[in-house]
Structure formats: structure tokens, C-alpha cells
Amino acid sequence: MKPTTALDVTVQAQILELLEVLRNETGMGLLIITHDLGVVADIADRVVVMHNGCVVETGNADQVYHSPQHAYTKKLISAAPGNGLMSDSDMSAKPILKIQNISKEYSGCKALDSVSFDLLEGESIAIVGESGSGKSTTAKLLMGLEDASGGRALYMGKDIFTLSKKEMKSIRRDIQMVFQDPSQSLNPRMSIFQIISEPWIIHPDILPKSQWEERVIALLEQVGLSAEHRHRYPHQFSGGQRQRIAIARALAVEPRIIVCDEAVSALDVSIQAQVIDLLANLQKELKISFIFIAHDLPVVKDFADRVIVMRLGKIVEIGTVRQIFENPTQPYTQALLNASLDPDPRVQSVRRAERIALSAS
Ligand SMILES: Nc1ncnc2c1ncn2[C@@H]1O[C@H](COP(=O)(O)OP(=O)(O)OP(=O)(O)O)[C@@H](O)[C@H]1O
Ligand SMILES: [Mg+2]
């Protein structure tokens with residue numbers, strides 16, 4: 001059941017390979033339950049589409065993907081990531097964050113090794129790479145959740161690694177984070193109103209109390225929820241809705257930068273597409289810059305302006321989304337792209353053949 005959801009692409013490909021080999025050798029049947037259409041395209045012969053507890057469509061993988069019959073199947077397939085147009089990046093904007101040679105050592109082991117990149121105003125930069133490549137460590141250093149072992153991170157010209165507590169507090173406001181699992185970042189004992197307005201207690205200069213109610217409602221509406229949701233508690237929402245609440249809370253302090261660490265990885269495809277749309281709209285409307293950490297390359301392709309590929313704590317390649325997806329220069333990037341799963345069973349069967357040929361050579 002969802003055996004590969006939380007895994008990075010290369011490990012996911014290996015597990016699917018293994019299941020395939022076991023199936024061929026033993027003749028066993030394989031029932032895969034997943035929200036990932038790429039997994040379906042890669043391994044399934046037949047597909048059963050379920051909606052609200054009922055089977056709405058069955059067929060072979062190719063039929064279901066290329067000529068879906070039921071309205072729900074059509075919606076699911078059009079929501080599959082990677083089907084959108086890649087953005088042509090505007091590289092003329094000014095850097096808002098300059099990351100220079102940042103490193104992090106954990107008891108002798110280098111989790112990050114001299115990583116440098118600029119984040120431009122209004123840009124979304126994605127960080128991809130295998131598990132353990134240093135993606136979350138990069139985020140943690142920028143958020144001040146861990147101390148850097150070396151390097152600088154200049155925000156509006158000031159190094160955030162050497163700020164005083166007071167200066168850090170004001171920068172905290174400008175750089176917000178959205179995590180993978182919103183149920184861990186939302187206090188279950190607080191109402192949605194309390195959760196979204198809490199940052200205004202910490203930063204009293206943002207908004208007078210008399211305006212909190214109105215602003216909470218506006219924020220809920222901005223993320224696609226409604227006014228009466230403010231009286232509810234986190235457990236009364238779905239995963240996608242909880243992620244919207246976490247985004248509303250991040251927006252409450254009017255940040256300039258949002259760091260998303262696997263923020264949509266736990267959501268199913270149609271909800272994922274909705275949250276990505278929401279983030280893309282916020283980026284356009286509010287000119288917020290994003291650092292978007294993800295192991296799902298098709299999602300990155302839809303959302304990012306530029307992509308950073310990391311491996312073993314170092315940057316392997318950095319380029320516009322178009323360069324990385326169409327002309328990757330590094331073999332590691334190529335391997336990562338080959339290991340990622342396309343929702344189209346035809347594309348996937350070609351990719352699988354290439355992958356097998358590559359590992360045989
Ligand atoms: N608190 C810690 N103590 C010791 N080592 C750590 C700690 N946090 C991370 N590491 C190590 O640092 C390296 C990078 O970890 P990091 O969490 O940044 O990877 P990641 O790219 O986010 O991986 P994933 O895709 O699995 O989330 C790993 O080798 C990890 O084991
Ligand atoms: Mg991580």
C-alpha cells in the first residue's frame with residue numbers, strides 16, 4: 001500500500017524494479033494502491049479508479065490514461081503533475097538572498113559542503129536530489145533551526161547566520177517555512193483563528209487586534225477556505241486543507257520568502273495540483289520568492305523557474321527548469337530524470353527500457 005510514496009525517485013524506481021522482478025519470477029499478482037499516476041504508468045497492467053468509496057472506471061493502464069471515460073478519471077489525469085507548460089524564467093530580477101559556501105557538519109559527516117546560489121526576487125527555485133543529499137539541511141540553516149558550520153546567507157545584504165536575536169526576529173517574519181506534514185506544524189488544541197493569528201502576538205506591530213478577525217477571514221479566502229473555517233480545529237480538515245491553513249499562517253506575516261520542504265509530497269495528485277496552483281498564484285500576486293524542496297520532478301517542472309540538483313551535500317547542477325529538464329549536462333541529473341515516473345504509460349515504458357539499458361551498459 002503506497003509502498004513508495006515517501007521515497008526519493010531513485011529508490012522508488014529500485015523498489016518498483018524489485019516488485020516487477022518478483023512478480024515475473026514467482027508469478028504472483030500485485031495489487032498496488034497509490035495516488036501516484038507515475039507508479040501506475042510504470043508498473044500496472046490494469047487500473048481500478050476509485051472515488052468516494054466506489055469504483056468509477058477500470059481498464060488497462062494505456063486505455064485509462066489515453067481515453068479515460070469517467071469524468072473523475074479525466075479530472076485525475078489532467079491534474080497529473082508535469083503536464084503544464086514550463087515557465088520561461090525571468091533572470092533579470094535582483095537577488096533577495098545570496099547563499100555563499102554554506103556548510104554543515106554533523107559529528108564529522110558533511111551534510112552540506114560549500115553550497116552557493118542566489119534566490120531572485122519573485123523567483124521559485126526548486127531543490128531536488130536523493131534522500132540525504134542535504135535539501136532539508138539547507139532549509140534548516142536558512143530558517144535558523146540549525147547553526148551553519150561555515151559560509152554566509154545574505155538577506156538584503158545582512159548575513160542571517162550572524163544576526164543578533166532581535167534582528168533575527170524581524171527576519172523570521174520575512175522568511176517563512178511550510179513543512180511536509182501540516183498536522184505536525186499545526187497545534188491540535190488551537191482553533192484555526194488562533195493558529196493564523198498567533199504570529200501577530202509574536203510580532204505585535206503587524207496588525208492591531210481589532211483587525212485580526214477580518215484579516216484571518218481574508219487569509220482563509222486567499223488560500224481557498226472560507227470564513228466559518230476559523231472556528232474549527234485542525235483535526236476537522238483534510239490533509240490538503242491543513243496544508244492551506246499552514247500556508248495562510250505563513251502568509252499572515254507577509255513574508256518575502258517561503259521555504260517549502262516537501263510541502264505537497266503527502267497530498268494526492270488532484271489536491272497536490274490545487275495547492276501548487278495556489279502557490280503559483282501567490283507567487284505572482286504577492287511577488288514572494290520560493291525555495292521549493294521536492295523529490296517529485298514533475299511537480300517541480302510545473303512550478304519552478306530554476307532547479308538545483310543536489311547530491312551528497314553538494315550542488316551537481318543548477319539551471320532554468322527548461323535547461324534541467326531538456327538539456328541536463330550532468331549524468332546524475334540525467335539518471336534522476338530517468339528514474340522519475342511520467343504518468344503516461346507509453347512514455348514510462350520507453351523510460352523504463354532506457355533505464356534498464358543504462359544499468360546494463
Ligand atoms: N541532526 C542530524 N544529525 C546527524 N546527521 C544529520 C542530522 N540531520 C541530517 N543529517 C544527515 O545529513 C545529511 C543530509 O540530510 P538532509 O535531511 O538534509 O537530507 P534531504 O536531502 O533532506 O533528504 P530527504 O529527501 O530524505 O528528506 C544526511 O546524511 C543525514 O543523515
Ligand atoms: Mg528532507
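Each ligand, and each atom within it, is numbered from 1 in the order the structure gives.
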Original post:
Do ligand 1 and Lys140 have nitrogen or oxygen atoms that lie under 3.5 Å from each other?
Top reply: no
Original post:
Would you say Glu146 has any N or O atom under 3.5 Å from an N or O of ligand 1, going by distance alone?
Top reply: no
Original post:
Are Lys287 and Glu121 ion-paired here, with the side-chain N under 4.0 Å from a carboxylate O?
Top reply: no
Original post:
With a 3.5 Å cut-off and no angle check, do the side chains of Glu317 and Thr333 form a donor-acceptor pair?
Top reply: yes
**OP:** State whether the number of non-hydrogen atoms from other residues, nucleotides or ligands found under 6.0 Å of Glu214 atom CD is greater than 12.
**Re:** no
Subject >> Subset of ligand 1 atoms that lie under 4.0 Å from at least one heavy atom of Thr137 >> reply: 14 (C), 15 (O), 16 (P), 18 (O)
Subject >> Verdict with reasoning, Arg173 to Asp205, per salt bridge (charged side-chain N to carboxylate O under 4.0 Å, His left out) >> reply: CA-CA 11 Å; Arg173 215 184 120 166; Asp205 51 319; 3.4 Å; yes
Original post:
With a cut-off of 2.8 Å, does any N, O or S atom of Ser136 fall short of it relative to the Mg ion (ligand 2)?
Top reply: yes
**OP:** Name the option, out of Ser265, Ser133, Ser136, Gly132, that contains the heavy atom nearest to atom 23 (O) of ligand 1.
**Re:** Gly132
Subject >> Any N or O of Ala111 closer than 3.5 Å to N or O of ligand 1 >> reply: no
Original post:
What heavy-atom pair brings Ile196 and Pro199 nearest, and what distance separates the two atoms?
Top reply: O-CD, 3.2 Å
